[in-house]
Structures are given as C-alpha cells and as structure tokens.
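Working notes, structure below.
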Amino acid sequence: MENDLKKEGNYELFKTNRGHQIINFNDNDFYALVKGQQGDIIVKSDDNHEKEKTLSSGKFYYADFSEDPDFQDMPHLFLEDGDEFKEMILPEGLPKEKDYQKKLVRTDKKVPKDKILEHVK
C-alpha cells in the first residue's frame, strides 16, 4: 500500500451570485465544480468570484492511492463534513494552468475522519 498525500489544508466550498460552485483551497487555489453533459468536471479558476454563500468548509486532503484495498488506485479529494469526509475521485488529478479541466466523480460515500488520517498520513 503506497499512498501519496499531495496536498492538504483548509477549504471553502461556496456558491457564487451566478449559481456556480467554487472550491477554494488554502485561500489561494480556486476550482469550479461543473455538471457537464458527459459528467462532472473540475475546472481551474481564479479568485474573481462574488460569493453568495458558503456551502461547506473545513480540512481537505488530496491524495493518490496505490494498492490500497479501501480506495481505488487514483487521486482522491476528501472534504471535511462534520465528523466525516466527503469523497471525490479525480481520475486524472487536479487541473493545472495548461490542462485546466479534469473529470470529477462525486461519490455519496462519507469516510470517517480516523480512516482518512490512517490512509493519508
């Protein structure tokens, strides 16, 4: 089991005045969560958004899993939600400046905090 914690910190998921969902990592990385015709995508963005309301906030972990029996062998994003974490799968990882949009798989899975820490730390 080889797991690679790529990024961690605090996040805020908010809705803009135009109805878009934006996730902000560590007050400096912004991504739009978009429902596309062929599934959800995550799109690299900037900080030029007018926030209408915060949907959730807390700790986040972005990790790549390999040969872990509990998680598929691909990057995962975990967003704190109370005592648990919401799981999102990013088969191609997070978007970058030149490759600004990637596939996003939202799961209904909630993972206990201790399980996340056991697998990413």
Side-chain angles (χ1 to χ4, degrees):
M1 176 169 83
E2 293 179 28
N3 300 329
D4 181 16
L5 179 60
K6 296 190 171 291
K7 197 176 215 180
E8 68 178 299
N10 294 305
Y11 84 94
E12 178 186 22
L13 176 63
F14 63 90
K15 182 179 174 184
T16 69
N17 61 339
R18 294 181 174 206
H20 301 116
Q21 285 189 2
I22 305 294
I23 191 161
N24 174 5
F25 296 123
N26 296 324
D27 292 326
N28 63 4
D29 289 329
F30 292 83
Y31 299 89
L33 304 179
V34 180
K35 289 192 180 291
Q37 292 177 341
Q38 297 178 356
D40 293 346
I41 58 173
I42 183 168
V43 180
K44 181 85 173 133
S45 188
D46 56 30
D47 62 356
N48 189 21
H49 302 283
E50 192 171 322
K51 184 183 353 177
E52 181 178 288
K53 70 177 181 175
T54 297
L55 302 174
S56 62
S57 64
K59 290 278 191 199
F60 81 91
Y61 297 99
Y62 172 56
D64 196 359
F65 292 97
S66 179
E67 298 180 23
D68 189 313
D70 293 327
F71 299 101
Q72 293 178 341
D73 289 355
M74 58 187 65
H76 285 63
L77 177 61
F78 300 101
L79 304 176
E80 187 174 29
D81 184 24
D83 293 338
E84 299 177 308
F85 282 76
K86 294 179 197 175
E87 176 190 45
M88 295 184 187
I89 300 171
L90 302 165
E92 301 166 350
L94 279 172
K96 298 181 176 32
E97 293 296 329
K98 294 201 186 267
D99 191 8
Y100 67 94
Q101 68 183 30
K102 301 278 186 165
K103 182 178 174 124
L104 167 71
V105 179
R106 299 180 201 227
T107 71
D108 292 331
K109 190 174 176 184
K110 298 261 185 139
V111 184
K113 188 179 218 172
D114 58 340
K115 185 174 183 177
I116 297 294
L117 296 177
E118 175 186 326
H119 287 265
V120 300
K121 293 279 186 172

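Numbering of residues begins at 1 and proceeds along the displayed sequence.
Within 6.0 Å of atom CG in D27, 12 or fewer heavy atoms from other residues, nucleotides or ligands are found, so the atom counts as exposed in its surroundings. The neighbour count for K44 NZ, taken as heavy atoms of other residues, nucleotides or ligands under 6.0 Å away, is above 12. Within 6.0 Å of CG on D83 lie no more than 12 heavy atoms contributed by other residues, nucleotides or ligands.
K35 contributes atom NZ, which lies 4.5 Å from atom CZ of R106 (distance to the nearest 0.5 angstrom). The distance from atom CG of L13 to atom CD of E80, rounded to the nearest 0.5 Å, is 13.5 Å. If you take CG on D64 and CG on N3, they are separated by 8.5 Å, rounding to the nearest 0.5 Å. Between the NZ atom in K113 and the NZ atom in K59 there is a gap of 8.5 Å [rounded to 0.5 Å]. Note that CG of L90 is 5.5 Å distant from CG of L77, once rounded to the nearest 0.5 Å. One finds the CG atom of D108 at 10.5 Å from the NZ atom of K86 (value rounded to the nearest 0.5 Å).
Here the side chain of D40 pairs no donor or acceptor atom with the backbone of V105 at under 3.5 angstrom. A donor-acceptor contact shorter than 3.5 Å is absent between the side chain of N10 and the backbone of N26.
Minimum interatomic distance between H119 and F71 (heavy atoms only, all atoms of both residues): CG-CE1, 3.7 Å. Minimum interatomic distance between P91 and P75 (heavy atoms only, all atoms of both residues): O-CD, 4.0 Å. Between S45 and A32, the closest heavy-atom pair is CB-N, 4.2 Å. Annotation for Y31 and K7: closest pair OH-NZ, 4.5 Å, computed over non-hydrogen atoms. Pairing each heavy atom of F78 with each of I116, the nearest pair is CD2-CD1, 3.2 Å. When all heavy atoms are compared, the tightest approach of V120 to L5 is O-CB, 3.5 Å.
Among K102, Q101, K103, the single residue meeting the side chain to side chain contact (heavy atoms under 4.5 Å, CB included) criterion with P95 is K102. Just one residue in the list L104, I22, L33, V34 forms a side chain to side chain contact (heavy atoms under 4.5 Å, CB included) with V43, and that residue is V34. Of the candidates Y11, Y61, Y62, F60, F25 forms a ring pair (Phe, Tyr, Trp, His ring centres under 6.0 Å) with just one, namely F60.
Relative orientation of the F65 and H76 rings is perpendicular, given thresholds of 30° and 60° on the angle between their planes. Note on ring orientation: taking the six-membered ring where Trp is involved, the planes of H49 and F30 are tilted (angle from 30° to 60°).
At a threshold of 4.5 Å between side-chain heavy atoms, the hydrophobic network of Ile, Leu, Val, Met, Phe, Trp and Tyr places I23 and L55 in one connected group. Linking Ile, Leu, Val, Met, Phe, Trp and Tyr whenever their side-chain heavy atoms come within less than 4.5 Å leaves M88 and M74 in two separate clusters. Linking ILVMFWY side-chain heavy atoms closer than 4.5 Å, directly or via other members, places L79 and F14 in two distinct hydrophobic clusters.
Annotation: cation-pi geometry not satisfied between K110 and F85 (NZ/CZ under 6.0 angstrom from ring centroid, within 45° of ring axis).
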For E50 and R18, run salt bridge (charged side-chain N to carboxylate O under 4.0 Å, His left out): C-alpha distance rounded to whole Å, both residues' side-chain angles, the deciding distance at 0.1 Å, then the answer. CA-CA 8 Å; E50 192 171 322; R18 294 181 174 206; over 6 Å; no

